[in-house]
Structures are given as structure tokens and as C-alpha cells.
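Please read all numbers here as calculations on a predicted model, not as lab measurements. Here is how names work: the chains are called A, B, and so on, in the same order as the sequence lines, proteins then strands, and each is numbered from 1.
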Amino acid sequence: MTDVIDLQIPVSADLLVLARLTAATIAAKAGFNVEEIEDLRLAVDELCLPLVRAARGGRMQLRYVSEGDSIEISCTVQATEALRAVGQDGAPEGRAEGRAEGRAEGATGAEGRGQDGAPEGRAEGHPDDTLSARILDALVDAHGRTDGDGQDRHWLRKHRASLTV
Amino acid sequence: MTDVIDLQIPVSADLLVLARLTAATIAAKAGFNVEEIEDLRLAVDELCLPLVRAARGGRMQLRYVSEGDSIEISCTVQATEALRAVGQDGAPEGRAEGRAEGRAEGATGAEGRGQDGAPEGRAEGHPDDTLSARILDALVDAHGRTDGDGQDRHWLRKHRASLTV
Amino acid sequence: MDQTFEITERPAAPAGPPVVEVKGEIDVATAPALRERLNAQVDAGWPTVLVDLLDVTFLDSTALGVLVGALKRCREAGGNLRVVMAEPRILKVFEITGLTDIFQIFPSVDAALQA
Amino acid sequence: MDQTFEITERPAAPAGPPVVEVKGEIDVATAPALRERLNAQVDAGWPTVLVDLLDVTFLDSTALGVLVGALKRCREAGGNLRVVMAEPRILKVFEITGLTDIFQIFPSVDAALQA
Ligand SMILES: Nc1ncnc2c1ncn2[C@@H]1O[C@H](COP(=O)(O)OP(=O)(O)O)[C@@H](O)[C@H]1O
Ligand SMILES: Nc1ncnc2c1ncn2[C@@H]1O[C@H](COP(=O)(O)OP(=O)(O)O)[C@@H](O)[C@H]1O
């Protein structure tokens with residue numbers, strides 16, 4: 001049986017919980033055990049976080065595909081045109097923490113923040129991105145990212161260990 | 001501030017919980033109080049249920065729009081071509097309960113069940129649909145349905161009572 | 001996840017009806033299991049059944065439909081369905097659907113057993 | 001919802017450091033509040049702070065980043081950050097990121113206070 005779930009949310013700290021709840025729900029339906037469900041819940045969070053940290057505003061598209069004993073999740077951020085222009089002008093990087101907090105307060109105020117003098121391209125990483133990568137390494141079978149069409153797509157795949165019937 | 005969330009899931013009893021979790025999350029973000037959040041969680045369930053009861057397989061599209069102090073949710077089921085053909089052949093109605101259980105077991109086994117001799121058009125209501133309508137009447141400010149393009153769209157709108165800052 | 005759904009059955013005491021205790025969310029995914037368990041009690045010869053919803057955190061029209069169906073079966077067998085609940089949020093669902101008049105509702109299992 | 005996030009501060013006992021108790025999910029939405037509270041303790045003159053994660057149900061890289069930042073500030077002030085946790089699921093996140101060696105980890109608040 002194949003289940004496909006699509007979720008599209010504003011890039012917003014307050015809504016990332018939905019990415020986790022959706023992962024937990026599809027994993028439970030696919031027969032993942034409690035520990036595997038928890039692993040996937042954390043993994044999808046870490047899959048999205050580098051995109052959340054790098055993006056300002058825009059929309060995040062998540063796709064969950066459950067097939068047989070494996071689940072694949074992908075996450076893509078579609079920046080608005082205004083944001084993409086800001087992100088590519090190569091201006092110096094702002095304080096990482098300041099950016100994270102600004103984003104948490106209102107994802108749709110992005111155009112306003114685009115003028116606050118601290119724009120940043122999406123290629124540079126946040127210090128926490130290293131932790132995200134280590135967590136993904138430990139929790140999933142495979143993960144990676146593909147760049148294309150100005151879209152940064154992050155994906156992961158996880159099998160459940162044992163057949164539960 | 002406007003937040004838009006799109007959720008697309010297989011029509012499946014096991015996944016309706018996601019429609020509720022999403023409603024609760026966007027309502028919390030919009031400043032709805034605990035009782036209003038619970039009301040919306042039940043309301044979205046009842047919004048979808050008549051579609052879940054009537055459909056066999058197919059995909060359910062939910063859109064959540066949070067704007068100012070109000071949230072609007074719409075739910076549309078897109079039947080697969082195979083299902084639509086079965087649904088329109090006018091054959092006699094099967095036992096309501098039997099259908100509900102069959103669906104709970106596997107939304108994507110729809111083609112198989114289409115041949116089990118109890119197909120049904122989507123116009124006839126399930127006895128529980130009356131309860132769903134009463135619950136919606138009590139919990140939301142407005143709700144309704146529009147038919148078009150072979151799609152049955154159910155929607156609701158709810159304001160939060162008081163300004164929470 | 002806090003949606004853990006669970007049904008526990010307690011055999012009838014000499015004096016009273018069997019108690020079916022439900023925990024968690026009763027929705028379209030979990031209601032069929034509840035219907036089966038309630039029907040099984042009536043089929044086993046118990047015309048009156050007590051259903052304990054004290055630990056139910058969510059309940060929708062599907063759950064109400066199952067309870068109405070069970071009530072009907074109990075009455076046909078010459079008994080009744082006694083519903084135990086106390087949480088205002090759960091009671092509210094019965095009220096707005098006009099079902100508080102149809103069911104015998106009790107605030108505790110003890111009250112329902114003594115009825 | 002069971003994601004209720006809560007931070008409670010207990011003033012330092014004469015013998016020990018202040019205790020910052022966290023409940024619920026620490027993620028990108030809630031971590032900024034934790035950073036503020038931990039920084040406030042150090043800014044108030046407490047070089048050593050105890051953070052109680054016993055009732056934390058979820059914690060991600062954002063939370064770890066905040067704890068690493070707080071540890072750094074405590075050390076700069078001549079103290080340390082003592083982390084209390086017992087849940088294997090939460091410990092696992094520290095283990096897979098190699099942070100168990102960096103933090104002083106205790107299984108109970110009492111053990112951390114006596115250190
Ligand atoms: N929402 C409802 N409103 C009124 N009556 C209902 C509702 N849901 C179920 N019923 C009644 O309950 C009866 C049986 O319910 P059901 O759950 O199908 O039990 P069973 O199939 O075991 O008889 C139906 O005949 C129907 O009339
Ligand atoms: N994921 C991480 N890995 C390693 N060090 C980190 C990580 N996250 C934060 N840090 C370190 O913590 C320091 C400060 O953290 P931060 O939370 O920004 O506190 P503050 O801004 O109050 O100093 C940073 O200088 C950084 O080096």
C-alpha cells in the first residue's frame with residue numbers, strides 16, 4: 001500500500017510541529033514502532049531546520065511517501081520572488097540567532113525584514129546545521145539534498161526495522 | 001497576518017486525525033483559546049466526515065486560511081477516475097457500516113472494493129451526516145457546501161471570540 | 001502521541017452490568033472497535049451495558065452513531081445503555097446534538113452501577 | 001495538545017545554583033525563550049546554572065544549540081551548566097551528536113545539586 005501526504009505551510013517556527021505530527025501519523029499507520037516513530041519525528045524536524053534557518057518567509061512543501069516498509073520525506077522551500085532577490089545579493093551575514101528569532105515572530109513579514117540590512121544567501125550554513133546533519137546520519141537510512149530551479153530540496157528515507165502485523 | 005496551510009491526504013479513517021491536528025495548530029497560532037481550539041478540532045472532523053463516509057478512496061484536499069481573527073477551512077475530495085465511474089453507476093446502496101469499515105482498512109484498495117457489488121453514488125447521506133451538520137451548526141460561524149466539476153467542496157468559517165494578545 | 005485509544009472490559013459484578021471503559025479519541029478510525037465490543041456484550045446476553053467515557057479526550061459523530069446503535073440493541077434486548085462522562089467538552093457534543101435526552105448519563109461509574 | 005511548553009525558575013538554595021525547569025517540546029519555536037531565561041541567570045550573576053529537562057518530551061538541534069551557547073556563557077563566567085535528564089529518548093539526542101562528553105549530565109536534580 002502506498003500513502004502520499006502533501007503538506008504546504010508558511011516557513012514559520014510555530015508550524016514546524018505540523019511536519020513532525022504528520023511524520024508521526026504516517027509512520028504509525030505504516031506500522032513503525034514507538035522508537036522508530038520518535039526517530040522519524042526528530043528526523044523530519046532536522047530535515048526542515050536548515051531550510052527554516054536559511055529562508056526568510058516563503059512556503060515550505062513537504063511530501064511524505066509511505067510504501068511498503070519505508071517512508072520517504074522531502075522538504076522544499078519555495079521563496080517568494082522578493083525574498084529570492086534579497087537572498088542572492090551577497091550582502092554580509094547577520095547574527096544567526098537574531099535571524100532565527102525574527103523569523104519566529106512572523107513569517108509573512110518577510111518583505112519588511114528584507115530591508116533590515118542583514119540579508120544573506122542560502123548557501124552559508126548556521127552552526128546548528130552541523131548538529132542537524134549528525135542527527136539525520138544517526139536516525140535515518142539515507143538523506144541528502146538536491147539543488148535545482150532555485151529550489152533547495154532536502155530528503156530522507158527510513159525503513160522500519162521489523163515487520164509488525 | 002495571513003497563514004495558508006494546504007494538506008492533501010488519502011481518504012482514510014486513519015489519517016483524519018491530521019486534519020484535526022492541523023486545525024488545532026493553526027488555531028493556536030492565531031490566538032484561539034483552548035475551548036475555541038477544541039471546537040475547531042471537532043468542527044473540521046465533522047466537515048470532512050460526510051466526504052469520508054461517501055467517498056471510497058481518492059484524495060482529500062484541505063485548505064486552512066487564517067486571517068485576522070478568523071479561520072476558514074475547506075475540504076474537497078477528488079475521487080480517482082475509477083472510483084468516479086463506480087460511484088455514478090447507480091447501483092443499490094450497501095450497508096453503511098460495512099462501507100465505513102472497509103475504508104478504514106485501506107484507502108488505496110478502492111479499485112478492489114469497487115467490484116464487491118455494493119457501489120453507491122455520493123448523493124445519498126449516511127445517518128451520521130445529520131449529527132455532523134448539527135455539530136457544525138453549533139460550533140462554527142458559517143458552513144456550507146458547493147458542488148461543481150464533480151467535486152464536492154465543504155467549508156466552514158470560525159472567528160475567535162475575543163482578542164488575545 | 002496522546003491519541004492512544006484503548007478499550008478495557010470489566011466483567012459484570014454480581015449486582016451490575018458489564019463495564020466497557022474507553023480511553024483516548026473515538027473517531028472514524030477507532031469507533032468500529034468500540035461498536036464491536038459493545039455489540040459483543042449484548043450478544044453475550046447482557047441487555048444492559050455501562051460505557052465509561054471518563055478518559056475519552058475526543059468524540060465525534062461517528063462515536064455518537066455507535067452509541068446510538070448500541071443503545072438501540074440494548075433496548076431491543078430489554079435493557080439500556082448507561083453512559084458515564086463528566087468532562088464538559090465531551091458532554092457538550094451530546095448536548096449540541098440533542099442526545100442528552102436519549103441517553104442515561106451518569107457522572108461516575110458508581111452512580112451508573114447503582115442506577 | 002500535549003506540546004505545552006513551560007519554563008519554571010526556582011531561586012537558588014543557599015547551597016546551590018538556580019534551577020531552570022523545562023517541560024514539553026523544545027524546538028525552533030520554543031528554544032528562544034529558553035535561551036533568554038538561561039542567559040538571564042548568568043547575567044544575574046550566577047555562573048553555574050542547573051537546567052532540568054526531566055519533563056522534556058522532545059528536543060532538537062535548536063535546543064542543543066541553545067544549551068551549548070548557555071554552557072559557553074557559564075564557563076566564561078567561571079561556572080558550568082548542569083543538565084538533568086533521564087529519559088533515554090532525550091539522552092539519545094545528546095549521544096548521537098557527541099554532546100554527552102561536553103555537558104555535565106545528571107539523572108536527578110538532587111544529584112546535580114550535590115555535585
Ligand atoms: N447518527 C444516527 N442518528 C440516528 N440513528 C442512528 C445514527 N447512527 C446510527 N443510528 C441508528 O443505529 C442503528 C444501528 O447502528 P449500527 O451502529 O449500524 O449498529 P448495528 O449495525 O450493529 O445494528 C441504525 O439502524 C440507525 O438507525
Ligand atoms: N550547534 C552548535 N554547535 C557548536 N557550537 C554552537 C552551536 N550552537 C551554538 N554554538 C555556540 O554557542 C555560542 C553562542 O550561542 P548562542 O545561543 O548564540 O548564545 P549567545 O548569542 O547568547 O552568545 C556560539 O558562539 C556558537 O559557537
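- Rounded to the nearest 0.5 Å, atoms CG (Asp39(B)) and CD1 (Ile96(C)) are 7.5 Å apart.
- Under the 4.0 Å criterion applied to side-chain N and carboxylate O atoms, Glu95(C) and Arg134(B) are not assigned as salt-bridge partners.
- Here CG of Leu42(B) is found 10.5 Å from CZ of Arg89(C). Values are rounded to the nearest 0.5 Å.
- Between Val28(C) and Leu16(B), the shortest heavy-atom distance links the atoms CG1-CD2, 3.9 Å.
- The distance from atom CZ of Arg20(B) to atom CG of Asp60(C), rounded to the nearest 0.5 Å, is 6.5 Å.
- Proximity to chain B (any heavy atom under 4.5 Å) is restricted, for Leu59(C), to the backbone atoms N, CA, C and O.
- For the atom pair His126(B) NE2 and Thr62(C) OG1, the distance stands at 8.0 Å (nearest 0.5 Å).
- Using a 4.5 Å cut-off between heavy atoms, Leu49(B) touches chain C through its side chain atoms alone.
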>> Evaluate Asp128(B) against Leu64(C) for side-chain contact (heavy atoms from CB on, under 4.5 Å), listing each step before the verdict.
In response: CA-CA 8 Å; Asp128(B) 292 343; Leu64(C) 296 178; over 6 Å; no
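- Using a 4.5 Å cut-off between heavy atoms, Asp137(B) makes no contact with chain C at all.
- For the atom pair Ser61(C) OG and Arg53(B) CZ, the distance stands at 4.0 Å (nearest 0.5 Å).
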For a quick test of your reading: what N or O donor-acceptor pairs under 3.5 Å do the side chains of residues 5-18 of chain C make, sequence neighbours left out?
residue, atom, partner, partner atom, Å
Glu9(C), OE1, Gln41(C), NE2, 3.1
Glu9(C), OE2, Arg37(C), NH1, 2.6
Arg10(C), NH2, Glu21(C), OE1, 2.9

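- Contacts between Leu139(B) and chain C at a heavy-atom distance below 4.5 Å involve the side chain alone, from C-beta outward.
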